[in-house]
Amino acid sequence: MSPDHYQQYTNGRGSKRWLDYTFDGFSYPEYRSQQEIDTQVTNGYVKIGVLRVNRSNRYDAYVSVNEMDEDIYIGSDLRRNRAFDGDIVAVEFIELEPVWNERKEARRRYASKFNNGDSNGSNEVEELENDEGEDEDFEAKPKYAGKVVGIVQKQKDRVFVGYLHVDRPTTDENQNDNSNEDARFWFQPLDRRAPLFYIPHANAPADVYENEEKYKNLLVVAKTISWLANKTRPAGKILRVLGQVGDVNVETKAILAECGIATEEFSPAALAALPPLPYIIPQAELSKRLDKRDTLTFTIDPSTAKDLDDALHITPLANGFEVGVHIADVSHFVRPNTPLDTEAKDRGTSTYLIDRVLPMLPEVLCQDLCSLNPGEDRLTFSVIWRMDTEARVLETSFAKSVIRSSAKLAYEDAQKVIDGGHLDPTIPRASEIEECIKNLMALARHRRRRRFLQGALALESLRLSFQLNSDGDPVKVGPYAVLDAHKLVEEFMLEANTSTAKKISESFPAESLLRRHRGPIIRRMDQFVSMAEKLGFHIDPESAGTLQRSFQAIPDGPVKQALLTLAIRPMQRAKYFCAGTLDSERRKHYALNEPVYTHFTSPIRRYADIIVHRQLDHALKSRKSSGYSKKSIQSITHHCNYRKELASRAEEQSSHLYLCRYLSTSSDPWVVSATVIVVEPDFIEIYQPTYGLKNRLFVEDMPLDRSEYLSDENTVVWYWKRGVTVDLETHIRRSHRTSRKKRANNDHDATPSIKSKPLCAPPRELIPSLIHKQHCTQKFSVFSTLNVRLQVNNHRSPPTVDAYPINPVA
């Protein structure tokens, strides 16, 4: 086992006090009854929200409550009261100052222990464990504090991936007793937001005693079976062994298990509700629908797409155009409260890994019954607008419809037309479709220009595109290219979602399912603005629109790309919510600058869209009820948000796993240029634009004689040791001696503490870091560049891509 693997597994603890399961007199508070909670919620003493635990510092947790602009801070395991990340909890407000002072004192003691060389590994240390490189608000004082008094809803079928550890009783100071009878088993989750589990002997693999060393390198799946109030940790059960750390198939299984992505087939009961193939739409159904089969419609999707859930049409009118977005009518086949509906809801969303898709719906629905395949009659839900020649909406209508798509186009096909080329002449009605694409693109450009003039914001993070060979190995990796064809489709999907949101929120103001995007975290945005100003850039954060205009004023190039990378950090993720839980001011979608917004256009892959389709159908039928109560929509939005977050995490981890696999295939070192985006006395943070990698390079981990931080210039000078290289093995040995002390002292946000006067003019280009070989120095400033070696560490799970600066005097 490598030192790095062992450090991750044991956290370097020299003592076993961290394994204690019970303390005399210890007890978590008992949960309150649901009746008590309901009464206290009505009185305003208790709030219901979703618990989120700081990914890199388990001491800190927060509860997000829909109707509150600020989260409620939950400090320590005791106040978290056995709740896990993602649980819906009841929280009682408590006084903030004592909680915050206690936290500051705990961090002070933590730093003191390691500054004095004491690493005895108490439970307090485990609580304060922090991964390097994470951008967390260590010193951002919250507005509210609370404690968990009840768990309203646990996440269904939650499991964890990690390592199984055997703890044998110590018979003397340096030697363990080899008897199995008194040995204890502990499960260490990879997710540091979760605590250690105690594993009873009966719930551990039978061969663990004989293969103790082997298990140190195996990933296993576990679940909690109980967490009694008088126990410091939950009891758990090992469900299965996944396999060896570092194996790509094992790591993919670990991603799916940890993110709770369903991999099993749909049940016979769910499939029984679907009609047999080939499916012919009954005449009775056709007679109830708007017939658009003779209208020229077509789909534009990724070239590999099989689940085609949206089609477009455009028809010239006397003073403009009729434009239609036609969405697969999934709700026609997925009826409420059926086994299929339940299983689709449990999955919540489709998950797109690099090598596979885990669908929300059965394949027969995704790729046949609902997929808008060319030449086949398909049931759709349509939004149709009458627009003028500059894409201003003059009239909006909705209808259950039937279409017959004429062509399946890839984005590259549409882009060829936009660039002045032609479609493959074998495509039916190719010349007519070309004219449609040109007209749609012209309208999309008008709409997009007007959206940004009216205050919309677009900040895109880097997304990688992979090309796999026949064996499933990545052979090419690069940034995903965003084409004008993508923007064409995006504009009309945004309009369809916005039009639908207006309709259902007007019809069902209390229970419509909407989506909002809260504004950026103010403290982080203020820090970013201050940093940019000191570098000579004027950033106006007053609104999404002013922020967009600030970036539009900066010339395109690597400097702007680095700034955009920093600007994304203050942003929050969009969430589903029930309209009746928020007043109109809080429903706004910040980035789109829309008063209401929802998801309507992807019901094949998002359960929220199916609910919205049902609500829109009820609205068109002038029903008094949307078919759902406010309480049920609240529950659905909590679940959809959670499943979306897990699916996104699985997709990000899959992308990172395949990037690691790609970088591991070369025998030659990967030496690339990176940009410094943060300068601090004890570290610099770098961004590698080709692969979207961010790394912190800590002074303590480098072979330096010393470093010098120049606060007036916000620069740092590293004095390198001559002839010493930096690579994985030397870095592991060096960083393990300092990592926990480093984490103890790293209690600040990763925004540069610039104290200098503003520059006369903002930098237009990146500048190489200044190297003086005679003096063995290298000087870094924000937007300077350096060469780094990328090296994959497959001893960790999941693997990491580490960046090691090239010592210029090695």
Is a donor on one side and an acceptor on the other found under 3.5 Å between the side chain of Q153 and the backbone of I88?
no
May I ask you to decide if the ring planes of W385 and F492 are parallel, tilted or perpendicular, using 30° and 60° as cut-offs?
tilted
When you look at L286 and V402, which way does the side chain to side chain contact (heavy atoms under 4.5 Å, CB included) test go after all the steps?
CA-CA 7 Å; L286 289 174; V402 56; 3.9 Å; yes
Would you confirm whether S350, through its side chain, and M360, through its main-chain N or O, come within 3.5 Å as a donor-acceptor pair?
yes
Evaluate whether atom CD1 of I280 has more than 12 neighbouring non-hydrogen atoms of other residues, nucleotides or ligands under 6.0 angstrom away.
no
Check ion pair D341-R335 (N to O, under 4.0 angstrom)
no
Any Lys/Arg nitrogen of R158 or D87 sitting under 4.0 Å from an Asp/Glu carboxylate oxygen of the other?
yes
Residue pairs fulfilling ring pair (Phe, Tyr, Trp, His ring centres under 6.0 Å) with at least one residue in residues 609-635, sequence neighbours excluded:
F381-H613, F600-H613
Other residues, nucleotides and ligands only: do more than 12 of their heavy atoms fall within 6.0 Å of NZ on K631?
no
Can you check whether G246's main-chain N or O pairs, donor with acceptor, with E251's side chain at less than 3.5 Å?
yes
Is there a side-chain contact between L290 and K400, using heavy atoms and a 4.5 Å cut-off?
no
Distance check, rounded to the nearest 0.5 Å: L365 atom CG versus D309 atom CG?
12.0 Å
Using only heavy-atom distances, determine whether the side chains of S499 and N497 contain a donor-acceptor pair under 3.5 Å.
no
Taking the side chain as every heavy atom from C-beta outward, state whether V383 and T601 have any atom pair closer than 4.5 Å.
no
Minimal heavy-atom distance between L468 and V475, with the atoms involved, is C-CG2, 4.4 Å
Sidechain-backbone polar pair: H486 side chain, L483 backbone, donor-acceptor under 3.5 Å:
yes
Is it true that R386 and E322 have a side-chain N and a carboxylate O under 4.0 angstrom from each other?
no
Please round to the nearest 0.5 Å and tell me the distance separating atom CD1 of I504 and atom OG of S512.
5.0 Å
Pairing of D329 and R289 as salt bridge, 4.0 angstrom limit
yes
Check this for me: does any side-chain nitrogen of one of R193 and D85 sit under 4.0 Å from a carboxylate oxygen of the other?
yes
Considering only NZ, NE, NH1 and NH2 on the basic side and carboxylate oxygens on the acidic side, decide whether D609 and R515 come within less than 4.0 Å.
no
Taking R451 first and then E491, would you say they form a salt bridge - that is, a charged N and a carboxylate O separated by under 4.0 Å?
yes
Please enumerate all residues that pass salt bridge (Lys or Arg N to Asp or Glu O under 4.0 Å) together with R605, with sequence neighbours excluded.
none
Which heavy atom of P275 sits nearest to which heavy atom of L369, and what is that distance?
CD-CD1, 3.9 Å
Run the salt-bridge test on E506 and K503 with the 4.0 Å N-O cut-off and return the result as yes or no.
no
Distance (rounded to the nearest 0.5 Å) between C640 SG and Y607 OH:
7.5 Å
Report yes or no: does N373 contribute a side-chain atom to a donor-acceptor pair with the main-chain N or O of E376 at less than 3.5 Å?
no
Test log, rule ring pair (Phe, Tyr, Trp, His ring centres under 6.0 Å), inputs Y691 and H656:
CA-CA 9 Å; Y691 303 120; H656 185 77; over 10 Å; no
Using the ring of each side chain (for Trp, its six-membered ring), is F84 parallel, tilted or perpendicular to F160, with breaks at 30° and 60°?
tilted
Could you give me the CA-CA distance, side-chain angles and deciding distance for S648 and R573, then say whether side chain to side chain contact (heavy atoms under 4.5 Å, CB included) is met?
CA-CA 11 Å; S648 297; R573 290 189 174 184; 4.1 Å; yes
Within this structure, what is the CG-CD distance for the pair L646 and E651, rounded to the nearest 0.5 Å?
11.0 Å
Quick one: does F321's side chain get under 4.5 Å of N439's, heavy atoms only?
yes
Would Y642 and V50 satisfy side chain to side chain contact (heavy atoms under 4.5 Å, CB included), going step by step from the backbone distance to the final call?
CA-CA 9 Å; Y642 184 69; V50 180; 5.7 Å; no
On a heavy-atom basis, which atom in G49 and which in V65 lie closest, and how many Å separate them?
CA-CG2, 4.2 Å
Closest approach of C370 to F333 (non-hydrogen atoms, all atoms of both residues):
SG-CD1, 3.6 Å
Distance-only, no hydrogens or angles: does the D471 side chain make a donor-acceptor pair with backbone N or O of D473 under 3.5 Å?
no
With no hydrogens and no angle check, do the side chains of S632 and S629 hold a donor and an acceptor under 3.5 Å apart?
yes
Is the CG atom of N337 crowded by more than 12 outside heavy atoms at less than 6.0 Å?
no
Qualifying side-chain hydrogen bond (donor to acceptor under 3.5 Å, both in side chains) pairs, either residue in residues 408-417, two or more places apart:
Q415-D419
When you check the gap from the basic side-chain N to the acidic O, do D617 and K621 get nearer than 4.0 Å?
yes
R606 to Y576 six-membered ring, cation-pi geometry met (6.0 Å, 45°)
no
Looking only at atom types and distance, does a side-chain atom of R518 sit under 3.5 Å from a main-chain N or O of Y590, one as donor and one as acceptor?
no
Any ion pair linking K588 and E594 (charged N to carboxylate O, less than 4.0 Å)?
no
With a 3.5 Å cut-off and no angle check, do the side chains of T500 and T598 form a donor-acceptor pair?
no
D301 side chain to A305 main-chain N or O, any donor-acceptor pair under 3.5 Å?
no
Does one side chain, of K575 or N66, offer a donor that lies under 3.5 Å from an acceptor on the other?
no
Gap separating the CG atom of L353 from the OG atom of S655, nearest 0.5 angstrom
10.5 Å
Say whether, by atom type as modelled, one donor and one acceptor occur between the side chain of N641 and the main chain of T637 under 3.5 angstrom.
yes
Heavy-atom donor-acceptor pair, S382 side chain to I384 backbone, under 3.5 Å
no
Between the side chains of E258 and R649, is the shortest nitrogen-to-carboxylate-oxygen separation below 4.0 Å, so that they form an ion pair?
no
Should T299 and D310 be marked as a side chain to side chain contact (heavy atoms under 4.5 Å, CB included) after you check the CA-CA gap, both sets of side-chain angles, and the distance that decides it?
CA-CA 6 Å; T299 61; D310 58 86; 5.8 Å; no
Rounded distance (nearest 0.5 Å) linking atom CD1 of I261 with atom CZ of R356:
12.0 Å
Carefully, step by step, assess S405 and T297 under the rule side-chain hydrogen bond (donor to acceptor under 3.5 Å, both in side chains).
CA-CA 5 Å; S405 174; T297 58; 4.6 Å; no
Provide the closest heavy-atom pair for L488 versus I437 in the form atom of the first, atom of the second, distance.
CD1-O, 3.8 Å
Should R447 and L494 count as side-chain neighbours, where that means a heavy-atom distance under 4.5 Å?
yes
So, are E285 and R378 salt-bridged, with charged N and O less than 4.0 Å apart?
no
Other residues, nucleotides and ligands only: do more than 12 of their heavy atoms fall within 6.0 Å of CG on D294?
no
Side chain proximity check, I633 to I611, heavy atoms < 4.5 angstrom
yes
